[in-house]
There are 2 protein chains.
Amino acid sequence: MTSASDIHAMTMLIRKLESIATLSDEERQAILSLPAKTRVLQPGQDIARDGDTPSQCCLLLDGWAYRYKILGEGRKQIFSFHIPGDIPDLQSLHIHTMDHSLGTLTQAMVALIPHEAMRELTTRYPGIAAAFWRDTLVDAAIFREWMVGMGRKSAFGRIAHLFCEMYLKLEAVGLAGEHRCRLPITQIDLGDALGLSNVHVNRVLQEMRGKGLITLRSNTLVIEAWDDLIRAGEFDPTYLHLQKRAA
Amino acid sequence: MTSASDIHAMTMLIRKLESIATLSDEERQAILSLPAKTRVLQPGQDIARDGDTPSQCCLLLDGWAYRYKILGEGRKQIFSFHIPGDIPDLQSLHIHTMDHSLGTLTQAMVALIPHEAMRELTTRYPGIAAAFWRDTLVDAAIFREWMVGMGRKSAFGRIAHLFCEMYLKLEAVGLAGEHRCRLPITQIDLGDALGLSNVHVNRVLQEMRGKGLITLRSNTLVIEAWDDLIRAGEFDPTYLHLQKRAA
DNA sequence: CGTTCGTTTGAAAAATTTCAATGCTAGTGG
DNA sequence: CCACTAGCATTGAAATTTTTCAAACGAACG
């Protein structure tokens with residue numbers, strides 16, 4: 001189970017875990033020997049659906065994914081955006097029925113790891129279990145931060161906050177720098193994530209551009225005024241619980 | 001460390017864990033021998049504060065607690081309400097810095113369990129670790145459901161949904177029945193939890209009363225029309241991941 | 001070159017907040 | 001036992017934010 005792409009897959013996972021936890025050599029080795037099948041997925045494809053009972057976890061190697069739930073009357077709520085290194089459905093290891101869906105935003109490469117292998121690994125290495133557990137806890141901390149936005153911040157503040165968050169998450173795995181990153185999220189998605197209409201998102205983005213805070217064109221975000229953006233979003237990176245701070 | 005109240009404490013914890021997971025006899029025994037100190041707290045007292053680095057977990061034995069974060073200009077976001085059996089700061093076991101606060105809503109009795117003891121227990125019993133992990137995952141599932149409300153539901157739907165959720169959570173630990181439960185949450189708290197002004201909460205509650213859905217007086221909630229309330233809140237209990245369904 | 005999907009614009013409508021005052025109730029001290 | 005207070009609930013009116021609707025525009029793709 002160690003084809004070239006599988007080794008790449010597990011290296012990616014180790015990098016991600018080490019951005020939020022510490023691993024021993026033995027633990028790293030154990031992760032490297034996890035079995036996995038890699039797959040390439042098209043944009044807009046579902047990886048797991050609300051109501052499913054998956055038997056494997058999905059490690060995102062390349063591209064973007066997102067978690068969401070469809071309500072009636074065309075309403076949709078997006079819970080999170082995921083980038084390479086993430087295991088967006090890690091929770092399925094202990095929560096057997098999906099209470100939301102997971103899909104791709106872009107073309108994506110994923111590694112599928114059987115739950116059974118993950119359970120063996122976590123049973124045998126409590127330190128790895130703790131690292132995975134911690135990952136799901138950071139996930140929850142991000143949910144809380146989004147709740148703060150949806151509950152108590154203006155549309156402007158919410159969008160600003162999301163931009164700061166995505167930039168730092170990307171930077172932590174080496175996919176962003178110089179206040180510039182890829183952001184393959186439509187204004188409709190942005191609205192569905194932040195609880196806004198796409199029309200309003202559009203207007204707020206224009207306002208942000210007008211104030212010289214950002215540039216956002218063809219899926220590329222450039223943060224022109226980091227400090228101002230942070231202030232507008234009342235952003236404090238503590239909740240990301242990154243080991244090496246990158247703000 | 002096995003005074004009468006400590007045994008009561010761990011029995012409470014076992015009951016809670018068994019509402020969402022399955023434990024073996026040996027695991028139950030191990031939990032019963034956890035060390036703990038019980039404390040009585042006054043209403044409105046903080047158990048842990050944003051920025052703290054706690055060294056123990058708090059098992060709620062009696063009374064209500066809640067998690068929240070204070071923003072500037074009098075804004076506040078409440079993330080969750082907690083009832084007996086919950087460990088509201090279980091996450092502190094793997095996330096060392098609090099990114100929000102935990103306080104009491106009513107007078108409360110808590111059992112404090114050192115992190116060290118929790119770590120030993122979870123290292124030695126992967127099944128218990130999995131149960132605790134699962135508990136934090138359900139916690140996250142509830143956050144997601146609140147996000148759906150704040151992002152995509154009307155004030156009416158959000159409040160209805162919260163009432164359904166709290167009722168089922170209480171019922172699962174034997175603290176509610178016959179569509180009636182205690183609810184020591186002010187209209188201000190309700191607003192801070194759901195992202196609404198207290199004034200608007202008040203108006204929506206009147207509307208709910210007018211429609212004969214609920215009665216809410218002196219901290220007691222009576223759900224007069226369960227089916228209608230579920231429909232209004234678009235409530236589906238799947239996300240609570242209770243073992244014994246109680247809807 | 002025609003679709004399709006996403007962005008942009010304007011105008012009107014709706015939900016919700018804010019402000020400011022008043023009422024209510026339980027607990028406190030006299 | 002009663003007045004007093006603090007915290008919560010309620011009300012009305014005006015202001016604001018955000019949504020909805022409807023249409024036009026633009027870029028990418030086959």
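Protein chains get the first letters and strands the later ones, always in sequence-line order, with residue 1 at the start of each.
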For DNA chain C, whose closest nucleotide is more 5', that of Arg152(A) or that of Gln187(A)?
Gln187(A)
Can you see if the side chain of Gln206(B) gets near the phosphate of dA9(D) - specifically, an N or O under 4.0 Å from OP1 or OP2?
no
Heavy atoms under 4.0 Å, any strand shown: does Ser197(A) hit a base, just sugar-phosphate, or nothing?
base
I need the CE-C1' distance between Met208(B) and dT10(D), as an integer number of Å.
17 Å
Between Arg152(B) and Leu196(A) (side chain of the first, backbone of the second, donor and acceptor by atom type, cut-off under 3.5 Å), is there such a pair?
yes
Atom pair distance, as rounded to whole Å: CG in Leu190(A) and P in dT19(D):
12 Å
Please pick, from dA9(D), dT16(C), dT18(D), the nucleotide with the shortest atom-to-atom distance to any side-chain atom of Leu196(B).
dT16(C)
Send over the distance from Arg209(B) CZ to dA9(D) P, rounded to a whole Å.
9 Å
Any salt bridge between Arg231(A) and Asp228(A), counting N to O under 4.0 Å?
yes
Should Asn202(B) be listed as having a side-chain N or O under 4.0 Å from OP1 or OP2 of dT10(D)?
yes
Lys153(B) has an atom NZ; how far is it from atom C1' of dA14(C), in whole Å?
20 Å
Please figure out whether Arg158(A) or Ser218(A) has its closest DNA chain D nucleotide nearer the 5' end.
Arg158(A)
With heavy atoms under 4.0 Å as the rule, sort Gly195(B) into base, sugar-phosphate or nothing.
sugar-phosphate
Sidechain N-carboxylate O distance under 4.0 Å for Asp135(B), Lys16(B)
yes
Closest of dT7(C), dA9(D), dT18(D) to the Ser154(A) side chain is dT18(D)
Nearest-angstrom distance from the residue atom CD1 of Ile188(B) to C1' of dA9(D):
9 Å
Nearest-Å distance for atom pair CZ/P, residues Phe156(A) and dT17(D)
13 Å
Sugar-phosphate, base or nothing in reach of Leu205(B), heavy atoms under 4.0 Å:
nothing
Between dT11(D), dC8(D), dT9(C), spot the one nearest the side chain of Val199(A), thanks.
dT9(C)
Please report, rounded to the nearest Å, how far the P atom of dA26(C) is from the CD atom of Gln107(B).
19 Å
Please report the distance, rounded to the nearest Å, between NE2 in His200(A) and P in dT17(D).
9 Å
Within 45° cone and under 6.0 Å: Lys169(B) NZ/CZ vs Phe81(B) ring
no
Determine whether Tyr167(A) and Arg180(A) satisfy the following criterion, side chain to side chain contact (heavy atoms under 4.5 Å, CB included), listing intermediate values before the conclusion.
CA-CA 8 Å; Tyr167(A) 178 75; Arg180(A) 169 189 302 268; 5.6 Å; no
State which of dG10(C), dT8(C), dT16(C) makes the closest approach to the side chain of Arg203(A).
dG10(C)
Measure from the side chain of Asn198(A), starting at C-beta and using heavy atoms only, and say which of dT7(C), dT9(C), dA9(D) lies closest.
dT7(C)
